[in-house]
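Indexing begins at 1, ligand by ligand and atom by atom, following the structure's order.
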Amino acid sequence: MANKPKIKDLLDESACSHNKTKKAACNAPTPGATTGGCAFEGAQISLFPYADAAHLVHGPITCLGASWETRTTKTSYQGRDHTQMGFTTDISTKDVVFGGEEKLMASIDYIMDNYSPEAIFVYATCVTALIGDDIDAVCRHAASKYELPVVPVHAPGFVGSKNLGSRLGGEAALASLIGTREPESTTPFDINLIGEYNVTGDMWQYSHLLDELGIRVLSTLSGDGRVSAIRTAHRAKLNVIVCAKSLISLTRKMEEKYSIPQVSLSFYGKRATSAGLLAIAEALEDTDLIERTRQLIAREEAKLEAKLRPYRQIFKGKKAVLNTGGNKSWSIASALQDLGRR
Ligand code: SF4
């Protein structure tokens, strides 16, 4: 059970700014909390964009239905996109009585025989966690049999919210993937994008700017991600947290373990994108990069301003009502302010 993260520690995350102002532990489960998605769903959201991996849900088929491909996360992976398949062990009453470990191993064998993924993520769910299936042992056995990462993800729905599940997804990556492979080469400007899921391809809206500046995305967790890349994430010079809250435990632990500093930012809207690019350049502490970034920002803002001008007229005098979830509200509000809304 060595891979099992301590839920209590994750609920009391020292790096979370909310934690300092709350009486109760951060993200402590509250009645009804899972109506916004259970921990298993959160874990799968944080890892599902790895299209080169198979995502095997060890539980009743309904758990798979609750979370499968809910976010339209895009990938440029040229091989078979395994996220188009919904893999589950489909636990039955008989398995609840006699245990589901054999069925889990048979499912892994089936996936390897038919799909040959780069890795397999095995998600515990309420039922298989309650009956006590030792998925760590099965994953260890499968990893050694097939010589590839088979990652246990301990985020059964009953432990708490979707946000906590995303943290647990990060814990699984840290325990089983990060630091298990060396990159072919490194650069002074290697970064990890953490909490960027490339929903509907939004990462591709700004990744070309990073490319132009010579800032290399060594790995992502997990938008348009590759398992082989996240295994090398320990060699990055900077962790860039794109989703402010859910993976902060991961980046704090990477800072402690691998001395990788972190910045938290957003790429929604003109001001956020400009500030984010500059924050990355400053955190990488290179004067030439900072100067080039300032020039790129000035050029891109001028281009964007010309494109936004007609819309400013359309939006003039209008009020905006946001019907969005979580932290995204602030991001969309920021983009609306760029259009002149207050
Ligand atoms: S893991 Fe538990 S809470 Fe989540 S979908 Fe499955 S049964 Fe429901």
Side-chain angles (χ1 to χ4, degrees), residues 1 3-8 10-11 25-50 53-73 82-108 111 120-139 150-173 175-176 197 199 222 243 245-247 249 325-326:
M1 300 282 177
N3 279 333
K4 271 196 177 170
K6 290 195 170 62
I7 302 293
K8 187 172 170 294
L10 287 171
L11 290 172
C26 198
N27 289 316
T30 51
T34 58
T35 52
C38 72
F40 154 66
E41 290 179 56
Q44 189 158 70
I45 281 169
S46 68
L47 299 168
F48 201 69
Y50 291 124
H55 297 262
L56 174 58
V57 179
H58 187 35
I61 198 165
T62 45
C63 295
L64 173 75
S67 66
W68 180 74
E69 184 54 311
T70 53
R71 289 193 137 197
T72 326
T73 52
H82 296 293
T83 63
Q84 296 308 299
M85 297 296 297
F87 297 108
T88 177
T89 50
D90 187 17
I91 286 296
S92 65
T93 313
K94 179 169 159 268
D95 303 313
V96 171
V97 175
F98 295 104
E101 291 168 14
E102 266 181 46
K103 200 169 190 180
L104 174 57
M105 191 61 217
S107 301
I108 292 171
I111 288 171
I120 301 176
F121 291 92
V122 175
Y123 298 84
T125 58
C126 292
V127 174
T128 51
L130 280 170
I131 64 176
D133 275 359
D134 188 351
I135 69 168
D136 281 342
V138 177
C139 288
V150 182
V151 181
V153 185
H154 293 286
F158 61 74
V159 299
S161 66
K162 187 166 74 174
N163 186 286
L164 175 63
S166 293
R167 289 187 185 202
L168 290 164
E171 292 295 303
S176 302
Y197 302 121
V199 177
S222 54
C243 176
K245 208 169 157 203
S246 60
L247 289 164
S249 302

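- Contact of the T73 side chain with the T83 side chain is not registered, since no non-hydrogen atoms from C-beta on lie closer than 4.5 Å.
- In this structure, a donor-acceptor pair under 3.5 Å is absent between the side chains of S166 and N163.
- Annotation for ligand 1: atoms under 4.0 Å from non-hydrogen atoms of C38 are 1 (S), 3 (S), 4 (Fe), 5 (S).
- Note on C63: not counted as a metal contact of atom 2 (Fe) of ligand 1, no N/O/S atom lying under 2.8 Å.
- Near G157, with a cut-off below 4.0 Å to any heavy atom, the atoms of ligand 1 are 1 (S), 2 (Fe), 3 (S), 4 (Fe).
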Evaluation steps, side chain to side chain contact (heavy atoms under 4.5 Å, CB included), between V153 and L47: CA-CA 10 Å; V153 185; L47 299 168; 3.8 Å; yes

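- The aromatic rings of H55 and F48 sit tilted relative to each other, their planes meeting at an angle between 30° and 60°.
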